[in-house]
Amino acid sequence: MSSVRVRFEPSPTGSVHIGTARAALFNWLYARKTGGSFILRIADTDKERNTQDALDELLRVLRWLGLDWDEGPDTGGDFGPYFQSQRGDIYNEYLKKLEDAGRVYEKDGAVFFKLEGERYTEYDSYHKAEIEKVRTEPVTIDDLIRGKVTRREERDFVLVRSNGDPGFHFVNVVDDISMGITHVLRGEDHLSNTSKHLELYKAFKATPPNFAHMPMILKDPKVGKGKMSKRDKGALIEEYQQRHFLPEAVVNFIALLGWSPKDGKEVLSIKEILERFEIKDIQKAGARFDEKKMSHLNFVYMKILPINEYENSAKKALAASELIDENVDSEYLRAVLELCRDKIDSFENLPGFSAYFFSDEFPVNEKALKKVWNRKGASDRLVEIAPRLQALEDWSESAIENAFLQLSNETGDKPFAWYPVVRFAVSGTNSGPDFLPMLELLGKELVVRRINDRLASVN
RNA sequence: GUCCCGUUCGUCUAGUCAGGCCUAGGACACAGGGUUUUCAUCCCUGCAACAGGGGUUCGAAUCCCCUACGGGACGCCA
């Protein structure tokens, strides 16, 4: 028995859709699972829309997700070329076979595939016209996910466009035959196209590959109806990169879109996914995109991220938001990151969470303003604590705590009475890292100054 | 409109193929409580689903049929 060969056939026209990424992942998983080959084939027959940049971007995204390929545009292989734009000779050769078999004809400058069967014309309500149809024999695929699916193709279709470029269905089938593809895992949107493909396999007297049609990824119902489009939030992998999501989390999330492991474990590394992946466990029904789940997974991975990787990603996120540059004190930065480590839920939120460590221009949280500051006696709390902090000679966590404790003893109020107000004064919000270490790190001069600034704002 | 595919908590899903172990399990989200003298984490509890109707059967989420609803295809896009 020959070994498994699967392919991923993206068209490099811009950004990578989440469904495209999932197709890549599932094909990759199946290849690695079976010890087969994962082939990358570039669908660049539409010349105007393809650029080198888009291709580079595509390869970058695949690598970011942790996917590698055995044959492809940059790695080569025995079945090349791996750009469809360079496979013209092969397409011509296969077109000749169809010509010789009398299965093609020309119309309006394009080459059509001729179906076999009785011809008749009929009014078609979709095309709103009288069109020619063919009474063909139904064709059946045994889909690895859906079982037997039978359908009849009833209209001739274009093989080569009038501008000379070969069309999708034709190149798709020719490439799968000539590259020895054994399994085709693709989106359900191709299920209806499969009858066209099967007709071509028949005409070429070739054995069709095994098909598996994955469910569509649908919009969050709160957002709208239908399949997720590239305009929807969360639809593009680039968006996750820009938002500093972890690739492990993204991979985990897209794997769970339409697939789930038998043992019910949800947080899975790509290796663990690989151990559990089975085509038959892929869901039939469309999967709805849930941004909250994506965020949660990202959060889980952040918690277990090794410290050096955490620091790298954190620095990137801070640099991207221009809170820090290369002049930043690396020891101070390290301490800040250490302090925020267990508090933040995403790198995306880190800049907002920690801005006040790096700049006096930090935003004031409206809710905190209402809840903490616009409250009777709030400014009195600052008036009480400010001189005591000012007077401290030893600016250590315990010394700071003592200052609060003393005040607490004298007034009978808990230290809790001052904490939120001071936190608000120095950070503009009511949540954040551990309070006392935060003050210590910020430094006496800055803490006292911000308290006074806050007080000055009322007068 | 025609054809194809689908339908379990708000969402992702387990269970369906081999009907009884399902008073339907987990996760996210949401609500309430607890731990934490801050903040977050964390822990506990709760909410919440077999689309509807007919069969078959001692017994159906599970098998069959119909209806409804959702999705996809119907391009000289891929």
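Just the heavy atoms: all of them, side chains too, but no hydrogens, waters or symmetry mates, feed the values below.
Across all strands shown, A:Gly258 has heavy atoms under 4.0 Å from sugar-phosphate atoms exclusively, and none from any base. As judged by a 4.0 angstrom heavy-atom cut-off over every strand, A:Phe170 is placed among residues making no nucleic acid contact. Note on A:Gln283: only backbone sugar-phosphate atoms sit closer than 4.0 angstrom, heavy atoms only; bases stay farther off. Among the heavy atoms of the strands lying under 4.0 Å from A:Thr150 are primed sugar atoms or P, OP1, OP2 only; no base atom is included. Within 4.0 Å of A:Gly147, counting heavy atoms only, lies no atom of the nucleic acid at all. Using a 4.0 Å heavy-atom criterion, one finds that A:Ile145 contacts no nucleic acid atom at all. Across all strands shown, A:Lys219 has no heavy atoms under 4.0 Å from either base or sugar-phosphate atoms. Among the heavy atoms of the strands lying under 4.0 Å from A:Ser260 are primed sugar atoms or P, OP1, OP2 only; no base atom is included. Counting any heavy atom pair closer than 4.0 Å across all strands shown, A:Gly432 reaches a base atom. Counting any heavy atom pair closer than 4.0 Å across all strands shown, A:Asn430 reaches sugar-phosphate atoms only and no base atom. Backbone-only contact: A:Asp189 has heavy atoms under 4.0 Å from sugar-phosphate atoms and none from a base.
Taking the side-chain hydrogen bond (donor to acceptor under 3.5 Å, both in side chains) definition, one finds that A:Lys96 meets it with A:Asp100, sequence neighbours left out. Under the side-chain contact (heavy atoms from CB on, under 4.5 Å) criterion, A:Asn430 pairs with A:Ala368, A:Lys371, A:Val372, sequence neighbours left out. Considering only residues two or more places apart in sequence or on other chains, A:Glu248 meets the side-chain hydrogen bond (donor to acceptor under 3.5 Å, both in side chains) condition with none of them. In this structure, the side-chain hydrogen bond (donor to acceptor under 3.5 Å, both in side chains) partners of A:Asp124, at least two apart in sequence or on a different chain, are A:His127, A:Lys133. With sequence neighbours excluded, the residues satisfying ring-ring contact (aromatic ring centres under 6.0 Å, His included) with A:Phe289 are A:Phe253. By the side-chain contact (heavy atoms from CB on, under 4.5 Å) test, A:Arg449 is found to be paired with A:Asp360, A:Glu445, A:Leu446, A:Asp453, residues two or more places apart in sequence or in another chain being considered.
Seen from the ring of A:Phe204, A:Arg103 does not count as a face-on cation partner, given the 6.0 Å and 45° thresholds. In this structure, A:Lys107 satisfies the cation-pi test against A:Phe112, with its NZ or CZ atom closer than 6.0 Å to the six-membered ring centre and inside 45 degrees of the ring normal. Judged by a 6.0 Å distance limit and a 45° cone about the ring axis, A:Arg243 is not positioned over the six-membered ring of A:Phe347.
Closest approach to the A:Glu188 side chain among B:G71, B:G1, B:G6 is made by B:G71 (side chain taken as heavy atoms from C-beta onward). Taking the side chain of A:Ser125 as heavy atoms from C-beta on, and the options B:C4, B:G1, B:C28, the nearest nucleotide is B:G1. Residue A:Asn193 has its side chain nearest to B:A73 when only B:U11, B:A73, B:U38 are considered. Counting only heavy atoms from C-beta on, A:Ala287 has its side chain closest to B:C12 among B:C12, B:C42, B:A78. Nearest nucleotide to the A:Ala285 side chain, out of B:G72, B:C12, B:U7: B:U7.
Separation of the P atoms belonging to B:U41 and B:A31 is 13 Å when rounded to the nearest angstrom. B:G52 and B:U57 have their P atoms separated by 23 Å, given to the nearest Å. Between B:U11 and B:C65, the distance separating the two C1' atoms is 31 Å to the nearest Å.
Pair assignment for B:C3: B:G72, on the basis of Watson-Crick or G-U wobble contacts that are both within less than 3.5 Å. With both pairing distances under 3.5 Å, B:U35 is matched to nothing as a Watson-Crick or G-U wobble pair. With both pairing distances under 3.5 Å, B:G10 is matched to B:C28 as a Watson-Crick or G-U wobble pair. The pairing partner recorded for B:U57 is none, the criterion being a Watson-Crick or G-U wobble arrangement whose two distances lie under 3.5 angstrom. B:A18 makes up no base pair with any nucleotide shown, lacking Watson-Crick or G-U wobble contacts both under 3.5 Å.
Whole-Å rounding puts the A:Met294 CE to B:U11 C1' distance at 15 Å. When the C1' atom of B:A29 is taken as reference, atom CD of A:Glu266 falls 13 Å away, rounded to whole Å. Between A:Lys107 atom NZ and B:C76 atom P the separation is 10 Å, expressed in whole Å. Protein atom NZ of A:Lys284 is 14 Å distant from nucleotide atom C1' of B:A61, rounded to whole Å. The separation between A:Lys265 atom NZ and B:U13 atom P is 19 Å, rounded to whole Å. Atom P of nucleotide B:G72 and atom CG of A:Asp143 are separated by 18 Å, given to the nearest angstrom.
Within the structure, every pair that satisfies the side chain to side chain donor-acceptor pair (under 3.5 Å) test and touches residues 292-305 of chain A, not counting sequence neighbours, is listed here: A:Asn252-A:Tyr301, A:Glu266-A:Lys293.
The side chain of A:Lys227 places an N or O atom within less than 4.0 Å of a non-bridging phosphate oxygen (OP1 or OP2) of B:A73. Applying the 4.0 Å criterion to OP1 and OP2 of B:G70, one finds that A:Lys225 has a side-chain N or O inside that range. Distances shown here put a side-chain N or O of A:Arg155 below 4.0 Å from the OP1 or OP2 atom of B:G75. Remark: A:Arg161 is in phosphate contact with B:A78, judged by side-chain N or O atoms under 4.0 Å from OP1 or OP2. OP1 and OP2 of B:A40 both lie 4.0 Å or more from every side-chain N or O belonging to A:Lys303.
Of all the residues in residues 126-136 of chain A, A:Tyr126, A:His127 reach under 4.0 Å from RNA chain B with at least one non-hydrogen atom. The stretch residues 332-343 of chain A touches RNA chain B through A:Lys343, each having a heavy atom within less than 4.0 Å of the strand. RNA chain B lies under 4.0 Å from at least one heavy atom of each of the following residues of residues 414-429 of chain A: A:Pro415, A:Phe416, A:Tyr419, A:Arg423.
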Side-chain donor-acceptor distances from residues 412-419 of chain A under 3.5 Å, at least two apart:
| unit_1 | atom_1 | unit_2 | atom_2 | d |
| --- | --- | --- | --- | --- |
| A:Asp413 | OD2 | A:Arg381 | NH1 | 3.2 |
| A:Asp413 | OD2 | A:Arg381 | NH2 | 3.1 |
| A:Trp418 | NE1 | A:Glu384 | OE1 | 2.8 |

Could you pull out every donor-acceptor pair under 3.5 Å between side chains of residues 208-217 of chain A and any protein atom, sequence neighbours left out?
| unit_1 | atom_1 | unit_2 | atom_2 | d |
| --- | --- | --- | --- | --- |
| A:Asn210 | ND2 | A:Thr182 | O | 3.3 |
| A:His213 | ND1 | A:Asp143 | OD2 | 2.7 |
| A:His213 | NE2 | A:Arg186 | NH1 | 3.3 |
| A:His213 | NE2 | A:Thr194 | OG1 | 3.3 |

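Between the base of B:C39 and the side chain of A:Ser431 there is no donor-acceptor pair shorter than 3.5 Å. For B:A27, its base sits under 3.5 Å from the side chain of A:Lys293 at one donor and acceptor pair at least.
Judged purely by distance below 3.5 Å, without hydrogens or angles, the side chains of A:Gln406 and A:Asn402 never pair a donor atom with an acceptor atom.
Using a 4.5 Å cut-off on side-chain heavy atoms (C-beta onward), A:Phe353 and A:Thr429 make no contact.
The aromatic rings of A:Tyr332 and A:Phe357 sit perpendicular to each other, their planes meeting at more than 60°, with 30° as the lower class boundary.
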